Amino acid sequence: MAGGLEAVGTWGTRSRTCSSKHLVIPTEHQAPTEVGLADLRSLRRGVSLYALFEQTICDLVTEYTGLLPTVVPKFSDLCDRSRNQLRIGIGTILTKWGPDKPLYSSIREESIAAGFADGLRGKPYHLLADAFLVSPENFRSTALGRLFSDLGFDDAISFARKYEGVRQFIETRLSSTETLESYLDLFVRTRNESSHGNISTIASAKQIIDYADFLCELFNAFAILLRSDILKRGTMTGQTQDVAEILHVYTGGIYGASAVAILNSQSVNGFTRERNPLAMQLYCHSRSVETHTQPSN
């Protein structure tokens with residue numbers, strides 16, 4: 001509406017399914033005098049990009065913690081740090097929970113500690129993803145490092161730094177003038193300063209595109225790390241099995257693999273080419289020859 005305000009993005013809480021703060025900035029209809037319309041659009045895109053970044057990290061954590069009990073059926077086999085963070089996170093959520101409080105109201109009170117209690121009793125358990133996402137910090141590199149460390153990955157940032165997509169982006173798009181850590185922190189800092197009124201730090205359209213491409217590669221790296229761990233753990237517990245051996249990675253997301261099939265009690269070796277099979281994609285970063293799930297057709 002003319003002269004009004006519009007909510008254009010969400011950010012702030014680590015549990016996107018529970019609650020969110022609305023970031024309110026002027027609309028074009030207000031004809032701002034100090035901020036040009038191009039700057040305003042860039043600000044909107046930058047704020048929305050950070051919201052997507054934060055949400056995607058939360059989604060990856062939710063996916064991983066949802067699958068982990070399947071491949072680690074004994075709660076006591078989880079690493080000490082994960083169990084400790086689960087305990088701390090559940091305690092934090094309980095102190096902030098309330099039927100009239102929006103932050104964690106979408107979680108039923110009786111289910112907050114239920115999975116943890118089941119695990120302690122030796123029963124089938126589930127992990128509350130929100131317990132790993134209670135920190136109020138923005139996802140700078142240090143905060144991401146702590147988050148993945150709580151999940152049992154002490155080298156997550158190092159892994160992402162070595163991931164081919166991230167490495168190539170740093171080398172070709174940034175001419176190696178930044179590191180993963182410095183560029184991610186710059187993105188978060190620029191977003192914070194822009195959203196709090198420092199107009200001089202509003203990112204240009206090109207910078208936003210660069211940030212978006214960088215974050216996509218970062219997401220791929222973290223997804224590979226988490227999903228590969230699930231597949232490897234599944235092999236150890238018999239939940240998944242090797243079905244193919246990657247021999248070559250082609251351009252365009254095509255993978256060459258050697259598979260062994262049993263037909264009428266006869267072993268038949270074949271060379272297959274599949275487009276974007278999930279498990280093969282998970283392992284191509286390390287040129288590993290193992291995979292654990294049936295490729296999609």
Side-chain angles (χ1 to χ4, degrees), residues 7-24 47-48 50-154 156-157 184-185 188-189 191-192 195-196 222 225-226 229-230:
V8 298
T10 58
W11 66 282
T13 66
R14 288 291 176 267
S15 179
R16 285 289 175 255
T17 58
C18 298
S19 158
S20 62
K21 300 176 183 177
H22 289 287
L23 180 62
V24 181
V47 171
S48 299
Y50 180 81
L52 290 172
F53 163 58
E54 193 175 69
Q55 181 64 64
T56 302
I57 294 297
C58 293
D59 289 345
L60 287 174
V61 172
T62 299
E63 177 187 80
Y64 179 76
T65 54
L67 292 171
L68 196 57
T70 302
V71 295
V72 186
K74 292 181 61 177
F75 182 76
S76 58
D77 287 340
L78 294 175
C79 70
D80 292 340
R81 181 150 185 172
S82 293
R83 286 186 282 116
N84 186 56
Q85 177 56 39
L86 189 64
R87 185 182 301 109
I88 293 172
I90 288 172
T92 300
I93 292 171
L94 284 170
T95 62
K96 296 181 178 181
W97 187 92
D100 57 344
K101 297 179 180 180
L103 186 55
Y104 295 109
S105 60
S106 65
I107 306 175
R108 291 183 296 111
E109 184 178 20
E110 62 271 21
S111 68
I112 295 174
F116 181 72
D118 287 340
L120 292 177
R121 298 189 185 102
K123 298 180 179 180
Y125 68 96
H126 68 272
L127 298 176
L128 184 67
D130 298 77
F132 294 91
L133 300 164
V134 293
S135 172
E137 292 184 275
N138 289 140
F139 282 146
R140 297 178 180 85
S141 57
T142 52
L144 278 180
R146 283 192 291 271
L147 169 61
F148 282 99
S149 181
D150 289 339
L151 292 171
F153 300 93
D154 291 329
I157 298 298
L184 176 59
D185 293 349
V188 176
R189 183 170 66 252
R191 172 264 175 194
N192 287 345
S195 64
H196 291 106
F222 288 143
L225 177 67
L226 296 179
D229 183 70
I230 291 294

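Note that the coordinates shown come from a computational prediction; the quantities given were computed from them, not determined experimentally. Note that the numbering runs from 1 along the sequence shown for the chain.
Checking side-chain atoms of Thr65 against main-chain N and O of Val61 turns up a donor-acceptor pair under 3.5 Å. Of the possible donor and acceptor atoms, one in the side chain of Asp185 sits under 3.5 Å from a partner among the backbone N and O of Ser141. No side-chain donor-acceptor contact under 3.5 Å links Glu109 to the backbone of Gly98. Although no hydrogens or angles enter the test, the distance criterion places no donor-acceptor pair under 3.5 Å between the side chain of Arg140 and the main chain of Val188.
The two atoms that bring Leu86 and Phe116 nearest to each other are CD2-CD1, 3.6 Å, heavy atoms only. Residues Ala113 and Ile90 share a closest heavy-atom pair of CB-CG2, 3.9 Å. Of all the heavy atoms in Trp97 and Ile107, the pair that sits closest is NE1-O, 2.8 Å. The minimum heavy-atom distance between Ile157 and Leu144, with the atom names listed, is CD1-CB, 4.2 Å. Taking all atoms of both residues into account, the shortest heavy-atom contact from Asp150 to Ser82 is O-OG, 2.7 Å. Contact between Gly89 and Val134 at its shortest, heavy atoms only, is O-CG1, 3.9 Å.
The side-chain heavy atoms of Arg87 and Asn84, taken from C-beta on, include a pair separated by under 4.5 Å. Between Ile93 and Leu128 the shortest side-chain heavy-atom distance falls below 4.5 Å.
We find the CZ-CG distance between Phe132 and Leu147 to be 9.0 Å, quoted to the nearest 0.5 Å. Of the inter-residue distances, the one linking Arg121 atom CZ with Lys123 atom NZ reads 5.5 Å to the nearest 0.5 angstrom. Between the SG atom in Cys79 and the CG atom in Asp154 there is a gap of 8.0 Å [rounded to 0.5 Å]. Once rounded to the nearest 0.5 Å, the distance linking CG of Leu67 with CG of Leu226 reads 10.0 Å. Note that OG1 of Thr92 and CD of Gln85 are 7.5 Å apart. Values are rounded to the nearest 0.5 Å. The CG atom of Leu133 sits 10.0 Å away from atom CD1 of Ile57, with the distance rounded to the nearest 0.5 Å.
A distance of 6.0 Å or more separates the ring centres of Phe139 and Tyr50.
Exactly one residue among Phe153, Phe222, Phe148 makes a side chain to side chain contact (heavy atoms under 4.5 Å, CB included) with Tyr64. That residue is Phe153.
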